[in-house]
Trainee: 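Starting off with a structure, shown below.
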Amino acid sequence: MRVLCVAEKPSIAKAVAGHLSGGQVQSVSLKSHIGPSAAMLNIGLLTHAQHNTPEKYIKNYVFEYDFGHPWGRCHVTMTSVLGHITSAVFPPEYKRWDHPPPDRLFDAPVNVIIAEDKTKVADNIEKQARYANALCIWTDCDREGEHIGYEICEAARKGNRTLDIKRAKFSNIERAHILNAARNLIDLDHKQVNAVSSRIELDLRIGYAFTRFLTTNLRTLGGPFEKLVLSYGSCQFPTLGFVVDRYFRVRNFKPEPFWSIKVMHKREGMDVNFSWSRTRLFDRASTIVLYERCLAAKMAKVTKVQEKPTKKWKPLPLTTVELQKMATIFLHMTGQQAMEAAENLYNKGFISYPRTETDRFDSGMNLRALVQKQTQSNSWGEFAQNLVNGGFQQPRQGRNDDKAHPPIHPITYVAPTALSDKEKKIYEFVVRRFLACCSEDAKGVATDVDILYGEESFHAHGVVVLERNYLDVYIYDKWTGTAQLPKFTVGETFEPTEALMTEGKTAPPNYLTEADLIALMDANGIGTDATMAEHIQKIQDREYVCAVPRTARAADGEDDDEGAPTGRGGGSRGGRGGRGRGARSGGSTVGGRGGVKEFIPTKLGVALIEGFDRMNFETSLGKPFLRKEMELKMKAICEGRTTKEAVLNESIRQYRQVYLQSQEKLNILKAACRQYVLQQNGG
DNA sequence: GCAAGGTC
């Protein structure tokens with residue numbers, strides 16, 4: 001029996017080959033010396049494989065393995081592809097932009113071909129399949145992976161129609177886990193394959209049709225439109241929509257004045273600030289009345305003193321989205337730069353796979369061994385050593401598991417001098433995050449003091465940090481909070497050192513930072529961990545949005561308490577709602593100073609979103625709902641509640657409807673463009 | 001010249 005195994009990427013092929021061959025990695029690579037098992041191999045196959053390794057980064061590993069039940073002991077060739085190998089395209093007669101009209105792309109044939117840059121990869125599969133009786137798919141166990149698995153099947157069948165085809169189900173590359181997967185092969189899930197091929201087809205039809213529609217129709221407006229490509233995509237447009245939406249919320253914000261009462265008391269050399277339980281009132285006269293009653297009472301009475309242990313939780317294991325958010329906030333990089341650096345580190349073997357949604361480590365992983373490797377660092381080695389010496393704690397378990405990759409973690413130690421600036425920062429972050437995950441929550445004591453002053457109650461909160469624990473290594477988290485409080489006793493009365501009535505006004509929300517934008521995309525299912533940064537880049541390349549350094553804004557400096565900067569009208573609705581932590585949308589302290597950029601739509605970006613908003617009542621292309629709907633439909637296909645055909649029919653009809661509507665109301669879109677871009681009124 | 005998704 002001869003089995004061809006194919007993974008989604010070279011790193012998985014290498015790891016799986018290593019495990020299945022018995023751990024003697026050096027004996028499995030065709031590039032290196034062939035071990036004792038070579039005697040068992042068909043020499044023709046061997047030399048064939050050896051001389052036709054398609055790309056420098058794809059290898060065919062040859063070894064033996066006993067799969068147990070269906071196949072028994074086999075000669076195995078393990079190789080990989082590089083992501084998708086096929087591509088969906090329109091026939092050549094649809095190449096022109098002026099003819100046939102773009103809406104024909106909704107029912108034009110879609111051909112699936114081997115992607116231009118993947119012919120060698122596909123050839124390798126096809127040729128290797130000729131020598132095999134069976135094919136075993138080792139692509140990632142997610143939807144796209146299932147589809148890539150199908151693409152591999154098709155390529156292999158070209159070489160051999162009689163293959164017995166199975167799939168390995170695995171969610172990490174721990175030895176025991178891989179061996180278990182190899183002994184319990186399952187079938188490809190065609191529902192998932194169909195879900196993905198629906199997405200591919202819809203993205204192609206919709207993207208091409210609307211891009212051509214926009215570009216050619218708006219060209220007639222002249223000016224900048226003559227040269228621009230106005231692309232539409234199911235991810236880039238909603239991303240733009242978020243930026244425009246926030247822009248309008250900032251612009252339309254109406255500040256409202258508010259009034260508050262602040263009580264301060266000096267004791268034991270400390271200034272204790274008490275905040276008002278009503279926070280603030282939007283009515284001056286009422287505040288004055290309440291304030292004067294406080295003053296009239298003269299003495300404040302302590303009604304509650306509570307001391308209780310508290311802790312600040314260590315961070316969750318690192319996902320791609322979180323890495324990008326943190327990098328944009330603390331490392332002064334864009335999401336794309338962060339990903340590029342992370343990919344380099346991965347390719348050099350320093351960190352694990354950087355595209356993951358998983359925020360929990362598999363219990364089988366030997367995390368202590370990974371911590372041990374960091375003990376040689378000058379910066380965090382001592383911290384790591386303390387973990388090794390007994391401080392180690394199992395990381396928290398998040399709720400997300402993509403069933404394909406573990407959280408991002410360091411694989412081995414690397415000296416900072418061997419890395420570029422950006423790689424250094426990302427590597428340091430990954431390591432510190434990992435060590436933080438493996439240590440203990442920070443611990444402290446929280447003190448709460450409530451007072452009654454007149455008829456108004458006020459509150460002071462203090463924290464004393466007792467054990468910094470993970471904070472020592474995870475320098476991105478601070479636990480300043482409020483400082484220590486002096487001693488107060490229930491029932492005592494005192495005359496506050498100061499009682500002031502303050503005035504402020506609500507401030508608009510901030511423009512979106514990249515971290516906010518990523519959080520919004522994440523929460524709305526726009527793009528994937530691997531593509532979010534690309535979409536953000538794309539809308540900048542298209543001149544739909546600009547990234548500009550955040551300017552010091554007058555509203556931020558309000559000398560008020562912590563509640564001040566967020567207006568009730570807008571700020572609190574800001575970029576929250578993503579899962580996980582880290583998306584700080586308040587404009588205050590952000591990683592040192594300067595360098596934080598925020599996204600502002602260009603006039604073009606505003607015109608496009610506004611234009612679509614004004615013409616399509618039900619299904620606006622600028623909103624994330626359509627993409628979310630596509631996500632739900634894919635899920636329905638996976639769960640057998642609907643079929644690919646039904647989804648395609650329905651969605652194509654729906655989008656054609658939007659297209660026709662847009663065509664009918666093209667003048668509305670044009671008017672928006674004249675208004676915002678060409679700054680003409682009327683029209 | 002157009003999409004989004006994999007991956008290098």
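Below, chain A is the first sequence line, B the second, and so on; all start at residue 1.
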Trainee: How would you label the contact of A/A88 with the nucleic acid (heavy atoms, under 4.0 Å): base, sugar-phosphate, or nothing?
Mentor: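 Counting heavy atoms under 4.0 Å across all strands, the contact made by A/A88 includes a base.
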
Trainee: Below 4.0 angstrom from OP1 or OP2 of B/dA4, is there any side-chain N or O of A/T528?
Mentor: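 Answer no for this pair, as no side-chain N or O of A/T528 is under 4.0 Å from OP1 or OP2.
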
Trainee: Starting from the 5' end of DNA chain B, give me the residue, A/H84 or A/W97, whose nearest nucleotide shows up first.
Mentor: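 On the 5' side of the pair lies A/W97.
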
Trainee: Would you say A/H535 reaches B/dG5's phosphate, i.e. side-chain N/O to OP1/OP2 under 4.0 Å?
Mentor: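 Result: yes.
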
Trainee: Taking only side-chain nitrogens and oxygens of A/R199, does any of them come within less than 4.0 Å of OP1 or OP2 of B/dG5?
Mentor: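 It does not, given that no N or O in the side chain of A/R199 lies less than 4.0 Å from OP1 or OP2 of B/dG5.
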
Trainee: Can you work out whether A/T86 or A/Y208 has the more 5'-proximal nearest nucleotide on DNA chain B?
Mentor: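 Result of the comparison: A/Y208.
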
Trainee: Quick one: which residue pairs count as a salt bridge (charged side-chain N to carboxylate O under 4.0 Å, His left out) with a foot in residues 216-236 of chain A, not counting sequence neighbours?
Mentor: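 Sorted result for residues 216-236 of chain A: empty, none.
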
Trainee: Taking only side-chain nitrogens and oxygens of A/Y353, does any of them come within less than 4.0 Å of OP1 or OP2 of B/dT7?
Mentor: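 Indeed, a polar side-chain atom of A/Y353 lies that close.
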
Trainee: Counting just side-chain N and O atoms, does A/S231 come under 4.0 Å of either OP1 or OP2 of B/dC2?
Mentor: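 Answer no for this pair, as no side-chain N or O of A/S231 is under 4.0 Å from OP1 or OP2.
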
Trainee: With respect to the side chain of A/T211, which nucleotide from B/dC2, B/dC8, B/dT7 is positioned closest?
Mentor: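 Of the candidates, B/dC2 comes closest.
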
Trainee: Considering only side-chain heavy atoms of A/Q236, which listed nucleotide, B/dA3, B/dT7, B/dG1, is closest?
Mentor: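 Among B/dA3, B/dT7, B/dG1, the one nearest the side chain of A/Q236 is B/dA3.
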
Trainee: For a quick check of understanding: with a heavy-atom distance under 4.0 Å over all strands, which category does A/G145 fall into, base, sugar-phosphate or nothing?
Mentor: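 The residue A/G145 makes no contact with any strand.
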
Trainee: Check every atom of B/dT7, B/dG5, B/dA4 against the side chain of A/L82 and return the nucleotide holding the closest atom.
Mentor: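 For A/L82, the side-chain atoms sit closest to B/dT7.
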
Trainee: Check the pair A/R355, A/T320 against side chain to side chain donor-acceptor pair (under 3.5 Å), reporting the backbone distance first and the verdict last.
Mentor: CA-CA 5 Å; A/R355 291 186 275 269; A/T320 305; over 6 Å; no

Trainee: Can you find a side chain N or O atom of A/R542 that sits less than 4.0 Å from OP1 or OP2 on B/dC2?
Mentor: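 Yes, within the criterion.
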
Trainee: Could you list all the salt bridge (charged side-chain N to carboxylate O under 4.0 Å, His left out) pairs where at least one residue sits in residues 527-544 of chain A, not counting sequence neighbours?
Mentor: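 Sorted result for residues 527-544 of chain A: empty, none.
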
Trainee: Report the distance from atom CD1 of A/I351 to atom P of B/dC8, rounded to the nearest whole Å.
Mentor: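 Roughly 12 Å, once rounded to whole Å.
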
Trainee: For the pair made of NZ in A/K120 and P in B/dC8, what is the distance, rounded to whole Å?
Mentor: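 Those two atoms, NZ and P, are 17 Å apart.
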
Trainee: Flag the pair A/F242 / A/D516 as yes when at least one side-chain heavy-atom distance between them is below 4.5 Å, and no otherwise.
Mentor: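 No, their side chains stay 4.5 Å or more apart.
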
Trainee: Starting at atom CD1 of A/I206, determine the distance to atom C1' of B/dA3, rounded to an integer number of angstrom.
Mentor: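 It works out to 9 Å between those atoms.
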
Trainee: For a side chain to side chain donor-acceptor pair (under 3.5 Å) check, start with the C-alpha distance between A/S11 and A/Y346, then their side-chain angles and the critical distance, and finish with the verdict.
Mentor: CA-CA 10 Å; A/S11 59; A/Y346 161 70; 2.4 Å; yes

Trainee: Measure from CD1 on A/I85 to P on B/dC8 and round the result to the nearest Å.
Mentor: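 Answer to the nearest Å: 15 Å.
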
Trainee: Check whether the aromatic ring of A/Y232 stacks on the base of B/dA3, taking stacking as ring centres less than 5.5 Å apart and planes within 30° of each other.
Mentor: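 It does not: the ring fails the test against the base of B/dA3.
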
